[in-house]
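Just so we're clear, the structure is a prediction, and the values are computed from it rather than from any experiment. Order of appearance sets the numbers: ligands from 1, and atoms from 1 within every ligand.
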Amino acid sequence: MSDTPREPAARPSRRDAEDPRAGDQGAPSPGDGGDHGTGRRNFLRAGLGAAGGLVAATTGAGKAAAAGGSGNSASNAITNLPTWTKYLGPGVEARPYGQPSKFEDSVVRRNVDWLTATKQSSVNFTPIYALEGFVTPNGICFERHHGGRADVDPAQHRLMVNGHVERELVFTLNDLLRMPQASRFYFLECAANTGMEWHGAQLNGVQFTHGMLHCVQYTGVTLRTLFREAGLKENAKWVLAEGADAAAMTRTIPLDKALDDCMVAYAQNGERLRPEQGYPLRLVVPGYEGNMWVKWLRRLEVGDKPYHTRWETATYTDLMPSGKARQFTWVMEPKSVITNPSPEMPLVDKGRQLLRGLAWSGHGKVKRVDISFDGGVNWRTAELQDPVLPRCLTRFVLPFEWNGEEMLVQSRVIDETDYVQPTITELHKARGTESIYHNNAIQTWLIKSTGEAENVHVA
Ligand SMILES: Nc1nc2c(c(=O)[nH]1)N[C@H]1C(S)=C(S)[C@@H](COP(=O)(O)O)O[C@H]1N2
Ligand SMILES: [Mo]
């Protein structure tokens, strides 16, 4: 297994277990949004005063934050005519493919250096702190590759359907483009998302704790349609999906799931897939862990038993406290996170605030999101923004007033199956600390009197 690329989360988790300074050593610089060198520690809710109540900030402590504030009182900003009102701008042909405003150029995918074993087998993270709504723009969807990005020529690419089928078929992209079409929004979450946080609060940024996540509208052909064309034999039970990249990523999917809602996508958010996301074809496996969503998809083999590829034996299993490992843990269980405030999004003024965040469930729809400002003692229900779609990110918001107190803010999702997002303590009890994957614990941000937010674990 030494040559097997691992989800990068494996390394920091292990090192953190043995090295109390792990938070400091080789951690990303503050510029990366990483650990600020203090090391993240378990944070005692009691530290905020009796019964988890809020501690009032000392007077004047909020001033520093207010200095970087909204500019409400900035004197001449509205009466001065800025230069851009006085001169013609560049013409309509200046940028045939548009880019965000230059003032938004910090909204980019980022990686964490100490997670990067090699550039080919690595991951970067979606800047979810900067996003609104539930759709991820194509240019900032996180990437996870095990053998580098394949730059596939669509004219040469083929998709084969073989195995326990009546007719073995080979499709060109143009064949697929002429078949019945479906367009649906789904989230994709890497199984290792939040995997660095098993042993304690580690990365000081929501981009890094929760950014192996994106949500786009996929357009393509359902597996139901493809398999109807090929004709399934009676013993058909499993589907093996194989990628055309150097890693030849292969994973098995139960046939029931394949026929339920899986699809072969050729477009995301209205345009062709990005090369990073598997151009020209990727498998979409709604609600299931990201590694099953094979990119640069070249083959679907129908079988009568699971294949136990190395991706589902050497990797993507969860080590339990008993010493045994769980296998085929497909569903991404309900999870939520507050994106504002967050380490990247401090509170910049006292008074009116709008808390917002994302919730999702691999089981289906989000039913409710609760918010705590006192580390999980009291909860208030957040508002869910329409539309609330199954196996899709759901945006929640909650207005609140802030007077400069320290707070421990948390969100907790409940999905339509009534699954309640667990605390990290509950997760540790059930699963130990060596799982790497599937950490869906409630996230806590400590909001300081300056308005800054810090990643902490509440004990
Ligand atoms: N062919 C192929 N498919 C792949 C991978 C890969 O390395 N090769 N990585 C998988 C993993 S681990 C994840 S989390 C998702 C990431 O999808 P994204 O790069 O679109 O974010 O793709 C999956 N599909
Ligand atoms: Mo992944």
Side-chain angles (χ1 to χ4, degrees), residues 4-11 109-111 115-128 135-152 157 159 186-196 207 210-218 220 240-253 262-269 271-300 309-312 314-318 329-332 360 362 393 435-439:
T4 304
R6 308 279 315 250
E7 279 297 337
R11 298 190 310 132
R109 297 187 281 229
R110 289 186 175 85
N111 61 324
L115 277 174
T116 305
T118 72
K119 282 203 171 120
Q120 279 72 31
S121 180
S122 196
V123 63
N124 57 25
F125 298 81
T126 307
I128 53 172
V135 176
T136 314
N138 285 339
I140 47 175
C141 287
F142 88 96
E143 309 165 65
R144 171 70 174 111
H145 326 128
H146 296 78
R149 185 193 67 226
D151 278 320
V152 176
H157 190 72
L159 173 66
Y186 293 117
F187 80 81
L188 180 161
E189 185 184 17
C190 175
N193 200 24
T194 321
M196 293 79 85
Q207 177 164 17
H210 290 77
M212 291 190 218
L213 178 73
H214 54 63
C215 184
V216 302
Q217 185 188 37
Y218 294 98
L240 179 84
E242 180 191 82
D245 55 334
M249 186 117 194
T250 37
R251 286 250 19 201
T252 344
I253 296 153
C262 294
M263 55 197 279
V264 174
Y266 43 74
Q268 66 182 79
N269 290 336
E271 61 181 2
R272 291 294 166 83
L273 292 178
R274 291 294 170 96
E276 294 90 325
Q277 266 68 49
Y279 179 91
L281 292 177
R282 107 168 291 165
L283 189 64
V284 172
V285 192
Y288 280 23
E289 54 186 20
N291 59 78
M292 302 175 81
W293 299 50
V294 172
K295 303 191 278 191
W296 312 290
L297 182 70
R298 69 185 299 273
R299 201 162 65 86
L300 293 168
T309 72
R310 71 183 175 105
W311 306 99
E312 39 209 28
T315 60
Y316 299 118
T317 61
D318 311 323
T329 42
W330 299 309
V331 176
M332 298 312 293
W360 60 99
L393 294 187
S435 267
I436 302 170
Y437 307 114
H438 295 278
N439 180 348

Task: Contact atoms of ligand 1, heavy-atom distance to C190 under 4.0 Å - done: 14 (S)
Open item on the list: With a 6.0 Å cut-off on the ring centroids, do H146 and W311 count as close?
Closed with: yes
Open item on the list: Please enumerate all residues that pass ring-ring contact (aromatic ring centres under 6.0 Å, His included) together with H438, with sequence neighbours excluded.
Closed with: none
Task: Proximal ligand 1 atoms for Y316, defined as those under 4.0 Å from one of its heavy atoms - done: 12 (S)
Task: Residue-ligand contact F125/ligand 1, heavy atom below 4.0 Å - done: no
Open item on the list: Show me which atoms of ligand 1 lie under 4.0 Å from any heavy atom of L188.
Closed with: 17 (O)
- [ ] May I ask which of R282, K295, E289 has a heavy atom nearer to atom 20 (O) of ligand 1 than the others do?
- [x] R282
TODO: For ligand 1, find out whether one of its N or O atoms is nearer than 3.5 Å to an N or O atom of N291.
DONE: no
Task: Residues in ring-ring contact (aromatic ring centres under 6.0 Å, His included) contact with Y279, at least two apart in sequence or another chain - done: none
TODO: Verify whether one side chain among N124 and E143 offers a donor that lies under 3.5 Å from an acceptor in the other.
DONE: yes
TODO: Give the intermediate values and the outcome of side-chain contact (heavy atoms from CB on, under 4.5 Å) for residues M212 and V123.
DONE: CA-CA 8 Å; M212 291 190 218; V123 63; 3.9 Å; yes
Open item on the list: Tell me if a side-chain donor or acceptor on T250 pairs with a main-chain N or O of A241 at a distance below 3.5 Å.
Closed with: no
Task: Which of the ligand 1 atoms, numbered from 1, are nearer than 4.0 Å to a heavy atom of D245 - done: 1 (N), 2 (C), 6 (C), 7 (O), 8 (N)
Open item on the list: Checking the N or O distance criterion of under 3.5 Å, is ligand 1 in contact with F142?
Closed with: yes
Open item on the list: Would R144 count as a polar contact of ligand 1, with the cut-off being nitrogen or oxygen pairs under 3.5 Å?
Closed with: yes
Task: Donor + acceptor pair across side chains of R110, Q207 (<3.5 Å) - done: yes
- [ ] Check ligand 1 against E276 and write out every atom of the ligand that is under 4.0 Å from a heavy-atom position of the residue.
- [x] 19 (O)
Open item on the list: Could you check whether any side-chain N or O of K295 sits under 3.5 Å from a backbone N or O of R144, counting only pairs where one atom can act as donor and the other as acceptor?
Closed with: yes
- [ ] Could you list which atoms of ligand 1 come closer than 4.0 Å to a heavy atom of W296?
- [x] 1 (N), 2 (C), 8 (N)
- [ ] Kindly state whether the ring of W330 and the ring of Y316 have centres lying under 6.0 angstrom apart.
- [x] no
Task: Option set E143, H146, R109, criterion heavy-atom distance to atom 6 (C) of ligand 1, minimum - done: H146
Open item on the list: Using a 4.0 Å cutoff against the non-hydrogen atoms of H145, which atoms of ligand 1 qualify?
Closed with: 7 (O)
